[in-house]
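Below is one structure; the comments refer to it alone.
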Amino acid sequence: MELILKSSNEQSIAKVLALAKKLNMSVERREVSADDKERKALKTRILKFKAKSENPFGDAAEWERNEREDRELPFS
């Protein structure tokens, strides 16, 4: 099982680590980047992404109509 705990309080983290050590649990610690500007910029860039060319796969709805034109649907 994996448990993720987040805290900015170093004393709380120290207590949790001490308890984990006492219980013979393995601990993996990852530092989180505090640079919110980078995260916000990346999020904005992803949300504003526009493809510069047409979809190379064509229109999915048209493909589906062509693929299924010879089959009768049970509800038609």
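Below, each value reflects all heavy atoms present in this structure, side chains not excepted, and no hydrogens, waters or symmetry copies.
For L19, the side chain to side chain contact (heavy atoms under 4.5 Å, CB included) partners two or more places apart in sequence, or in a different chain, are L23. Remark: R45 pairs with L42 by the side chain to side chain contact (heavy atoms under 4.5 Å, CB included) rule, at least two apart or across chains. A search for side chain to side chain contact (heavy atoms under 4.5 Å, CB included) contacts involving L17 returns I13, V27, R29, not counting sequence neighbours. In terms of the side chain to side chain contact (heavy atoms under 4.5 Å, CB included) criterion, residue partners of E28 (sequence neighbours excluded) are, by chain and number, R30. For E62, there are no salt bridge (charged side-chain N to carboxylate O under 4.0 Å, His left out) partners at least two apart in sequence or on another chain.
Atom CD of Q11 has 12 or fewer heavy atoms from other residues, nucleotides or ligands within 6.0 Å.
Among pairs with a residue in residues 11-23, none fulfils salt bridge (Lys or Arg N to Asp or Glu O under 4.0 Å), at least two apart in sequence or across chains.
When side chains are defined from C-beta on, D59 counts as touching R65, because their heavy atoms get closer than 4.5 Å.
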